[in-house]
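Heads up, the thing below is written out as C-alpha cells.
Residue numbers begin at 1 in each chain, while the letters A, B, ... track the order of the sequences. Only heavy atoms go into these numbers, but all of them, side chains included; no hydrogens, no water, no symmetry mates.
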Amino acid sequence: MTDSSVRVRFAPSNTGTLHLGGARTALYNWLYARKRGGTFVLRIEDTDRVRSTDAFCADILDTMRWLGLDWDEGPETAAVDGPSKGEHGPYFQSERGALYRPFVERLTETGNAYRCFCSADRLTELREKQQAEKASFRGYDRRCRSLDPAETAKRAEAGEACTIRLAVPEGETGWDDGIKGAVSWNNAEIDDLILVRSDGTPTYNLVVVLDDHLMAITDVIRGDDHTSNTPKQILIANALGLTPPRFAHIPLILGPEGRKLSKRKAQFQDGVKVEADVAPYRDAGYPAEAFLNFMALLGWALDDKTEVFTREELIRDFSFDGVTKSGSRLDLKKLEHFAGIHIRAMEPDAIADAVTPSLVAAGLVSEVDAAGDKRAAIVALAGANRERLTKFSDIVEKASFVFGDVTEYDAKSEKNLLKNEGAAADVLRKYAVALEGKAPDAGQLEEQARSLAEEWDVKFGQLVHPIRAALTGVAVGPPIFDVFAMIGMDAARERLTRAAAWVDERRKATESSS
RNA sequence: GACCCUAUCGUCUAGUUAGGUCUAGGACACUGGGUUUUCAACCCAGCAACAGGGGUUCAAAUCCCCUUAGGGUCGCCA
C-alpha cells in the first residue's frame with residue numbers, strides 16, 4: 001500500500017476562511033498521503049486579486065495547524081514572499097504566472113486552442129438569450145473558432161483584445177473516479193471554455209491543470225462540486241499532451257437542513273446555528289482530534305462497528321473503499337459525543353493544559369497563577385470533570401466555586417441545607433472539626449465521612465448533600481470529595497462553618513417572621 | 001432547462017462489487033430501567049429504515065429499466 005511517489009494537494013482559495021467541507025477535503029488528502037507515505041502539498045489559489053486576503057490565508061494555515069494536518073510542501077506563512085518549503089514552489093498561485101506562458105503558446109500553436117475576439121458584452125447577451133430561450137446548451141457559440149489562425153495572430157499582435165479558448169474536440173471524455181467509479185461526459189456538453197483572459201492571465205481550469213502537472217500531483221482528491229470541471233481539465237491536459245492525474249471526488253457535506261453547507265445561508269439544528277467554518281469549533285473548545293474523528297466519519301466508514309479513531313488509526317484505516325457516494329448531513333450531537341469520548345481518554349494533566357486558556361479567558365485565574373499556585377487545583381478540577389466535558393470551554397461553568405468564594409446557595413442547595421430542621425448546621429460544624437489535619441485525598445475523605453455518618457447516626461446523604469451545598473453552593477457537580485483538592489482544606493473548613501452559620505441565621509429569621 | 005451524481009432507521013452508516021448467511025447490523029439522538037452523594041459517565045432494554053413502480057431469478061436492500069426526490073455544475077470566480 002505504500003507508494004512514496006504519491007503526491008496529493010489541497011488547494012484552497014483564500015477568498016474565505018477554512019470551511020468544514022474544505023477541511024474534510026484536506027483531511028482525506030492528508031490521510032491518503034500519510035497512509036501511502038506520499039507527499040501532501042498545500043497550494044493557495046490566490047488569483048482572485050479582489051477577494052483574496054492575507055487574513056483568510058492566515059486563517060486557513062492556522063486552522064490546518066490546529067487540526068494537525070501538516071503539509072510537506074507549501075507556504076509557511078500567509079505572506080506571498082514569506083518562506084516556504086518544497087521544491088515545486090512558489091505555492092501561491094499568484095506568484096506562478098511566468099510558469100504558464102510556454103504552455104499557452106503550445107496550446108495555440110497546436111491548434112488545440114484559438115483566439116476569441118468576442119466581447120464580454122456579447123457573451124453576456126448570448127447567455128441571457130440562451131436563458132430566455134431555455135436553450136438546452138448554454139455556452140459559447142464558437143463563433144471565433146472558424147477564424148483563420150494566421151489572421152487572428154495578426155489581429156492579436158496589432159493589439160486587439162482577445163481571449164484564448166479551448167477547442168473542444170468531438171467525442172467522449174471520461175475517467176475512472178477513485179470514489180464514484182466510471183464517469184463520462186459527451187464533449188458536446190462541454191463549452192469551449194476560456195483558458196486565457198483578455199488581460200493575458202490564465203483562468204482557473206488551465207492553471208489547475210498546469211500547477212498539478214508542474215507540482216507532479218498524482219492524485220486529485222476534491223469535493224464533488226468539482227466533478228463537472230474534471231472533463232474540462234482532462235481535455236486541457238490532453239490538448240497539452242500531459243497525462244492527467246487520477247481523480248477522486250468526495251461527496252459534499254450538507255447542513256442539518258440538508259442543503260449544501262454555506263457561510264451565506266446559515267442552517268440550524270434545534271434552533272442552534274451550525275457553523276460552516278472550522279475556527280468556531282476550535283474557539284468553542286472542541287478537541288482537534290475529536291473534530292478530526294467527526295469529520296472523517298462524515299462520509300467515510302471503516303466497517304459496521306468502529307467509530308472512534310485516533311489520528312494514527314485514521315491513517316492506518318483510511319481508504320476510498322469506505323467513502324460514501326452520497327452527501328452527508330452533519331449532526332452536532334455526534335460531534336459532542338466524539339468530543340466527550342476523546343476528552344475522557346485524556347490524562348487530567350493534559351486536560352488541565354487544554355482547559356487553562358478557557359479559564360484564563362473567563363477571568364477566573366491569571367496566566368501566572370494557572371501555571372503556578374493554582375495548577376494543582378486546575379488539575380484536580382480537570383480530572384474530576386473528565387466525564388462531564390464535551391468541549392474544553394465547558395470547564396468555565398464548572399469552575400466558579402473553585403476560583404471564587406461561595407457567597408450564595410442555589411435553590412436546591414438551600415433546601416439541602418435547611419431540611420430536617422436545620423440539623424445540617426450541627427453536622428457541618430462537627431464535620432469541619434473532624435477534618436482538622438486531614439489531607440485532601442478523595443478516597444480517604446470518603447471513607448472517613450462514611451464512618452462519621454454511622455457514628456453520628458445520620459444517613460450518608462444527610463451528610464454529603466449539605467457538604468456539597470456548603471463547598472460549591474450548587475447541587476450539581478463533581479464527586480464531592482474531589483472538591484477538597486480543588487479548593488484546599490482550609491477553605492473547605494471555612495465554607496463548612498460559614499454554611500452552618502448561614503443555616504442558623506436563616507432559621508432564626510424565619511422563626512421571628514412567623 | 002441541459003448534463004453529471006446520489007437514494008437503507010430522525011441523523012451518520014454496515015450490508016450492494018461476487019443475489020440466499022438480512023424477520024437488515026452498529027453508532028448518535030430519543031424513551032424506559034439499572035448503578036450512584038448530585039450531574040455526568042457507565043450498563044441493560046426499547047423505538048426506528050431498504051423512496052415508489054415494473055422487471056430478471058427458485059430467491060433481490062443487493063442486478064436491469066422507469067418514475068420520484070435530493071445534490072452538484074453550466075462565469076474573461078476559484
Checklist entry - B:rA29 pairs with which nucleotide, Watson-Crick or G-U wobble, both distances below 3.5 Å? => result none
Checklist entry - What about A:Ser228: does its side chain form a donor-acceptor pair under 3.5 Å with the base of B:rC74? => result no
Checklist entry - Does a nitrogen or oxygen in the side chain of A:Arg450 sit under 4.0 Å from OP1 or OP2 of B:rU37? => result yes
Next on the checklist: For a quick check, tell me whether the side chain of A:Arg468 and the base of B:rU37 share a donor-acceptor pair closer than 3.5 Å.
Outcome noted: yes
Next on the checklist: What's A:Arg51 touching, base or sugar-phosphate or nothing? Going by heavy atoms closer than 4.0 Å.
Outcome noted: base
Checklist entry - Is A:Thr324 touching bases, backbone alone, or none of the nucleic acid, heavy atoms closer than 4.0 Å? => result sugar-phosphate
Checklist entry - Of the nucleotides B:rC76, B:rU37, B:rU13, which has the atom closest to the A:Arg127 side chain? => result B:rC76
Checklist entry - Taking only side-chain nitrogens and oxygens of A:Arg24, does any of them come within less than 4.0 Å of OP1 or OP2 of B:rC12? => result no
Next on the checklist: Once you apply a heavy-atom cut-off of 4.0 Å, does A:Leu330 come out as touching a base, just sugar-phosphate, or nothing?
Outcome noted: nothing
Checklist entry - Counting side-chain heavy atoms from CB outward, which of B:rA41, B:rC12, B:rU38 is closest to A:Pro479? => result B:rU38
Checklist entry - Roughly how far apart, to the nearest Å, are B:rC44 and B:rU56 at atom P? => result 47 Å
Checklist entry - Expressed as a whole number of Å, how far does the C1' atom of B:rU57 sit from that of B:rC63? => result 10 Å
Item to check | Check: A:Asn187 side chain, A:Thr173 main-chain N or O, donor-acceptor pair, under 3.5 Å | outcome: yes
Checklist entry - Do A:Phe291 and A:Tyr286 have their ring centres less than 6.0 Å from each other? => result no
Checklist entry - Given the side-chain rings of A:Trp71 and A:Phe10, with only the six-membered ring counted for Trp, is the space between their centroids under 6.0 Å? => result no
Checklist outcome for this item: Among the nucleotides B:rA29, B:rU6, B:rC76, whichever has the atom closest to the side chain of A:Lys333 is B:rA29
Checklist entry - With respect to the phosphate group of B:rG72, does any side-chain polar atom (N or O) of A:Arg259 fall under 4.0 Å of OP1 or OP2? => result no
Checklist entry - When you compare B:rU31 with B:rC9, how far apart are their C1' atoms, in angstrom units rounded to a whole number? => result 15 Å
Next on the checklist: Taking donor-acceptor contacts at under 3.5 Å, does the side chain of A:Lys334 reach the base of B:rA27?
Outcome noted: yes
Checklist entry - What integer number of Å spans the C1' atoms of B:rU21 and B:rC28? => result 28 Å
Item to check | Phosphate OP1/OP2 of B:rC76: any A:Thr203 side-chain N/O under 4.0 Å | outcome: no
Item to check | Separation of the C1' atoms in B:rC64 and B:rA2, to the nearest angstrom | outcome: 25 Å
Checklist entry - Mind checking the P distance from B:rC65 to B:rC4? Whole angstroms is fine. => result 14 Å
Next on the checklist: Give me the distance, rounded to whole Å, that separates B:rA51 from B:rG32 when you measure between the P atoms they each carry.
Outcome noted: 31 Å
Next on the checklist: Pairing check on B:rG1: which nucleotide meets the Watson-Crick or G-U wobble criteria with it, both distances under 3.5 Å?
Outcome noted: B:rC74
Checklist entry - To the side chain of A:His337, which of B:rA2, B:rC28, B:rU37 is closest? => result B:rC28
Checklist entry - How is A:Glu307 classified with respect to the nucleic acid when contacts are heavy atoms under 4.0 Å: base, sugar-phosphate, or nothing? => result base
Checklist entry - Any idea which of B:rU37, B:rC3, B:rC4 is nearest the A:Thr227 side chain? => result B:rC4
Next on the checklist: Using the P atom as the point on both nucleotides, what is the distance between B:rU13 and B:rA7, in whole Å?
Outcome noted: 11 Å
Checklist entry - Counting N and O atoms only, with roles assigned by atom type, does the side chain of A:Thr472 sit under 3.5 Å from a partner on the main chain of A:Val474, one being a donor and the other an acceptor? => result yes
Item to check | Residue whose nearest RNA chain B nucleotide is more 5′ - A:Asp225 or A:Gln130 | outcome: A:Asp225
Next on the checklist: Under 3.5 Å for both donor-acceptor distances, Watson-Crick or wobble: does B:rC42 have a partner, and if so which one?
Outcome noted: B:rG34
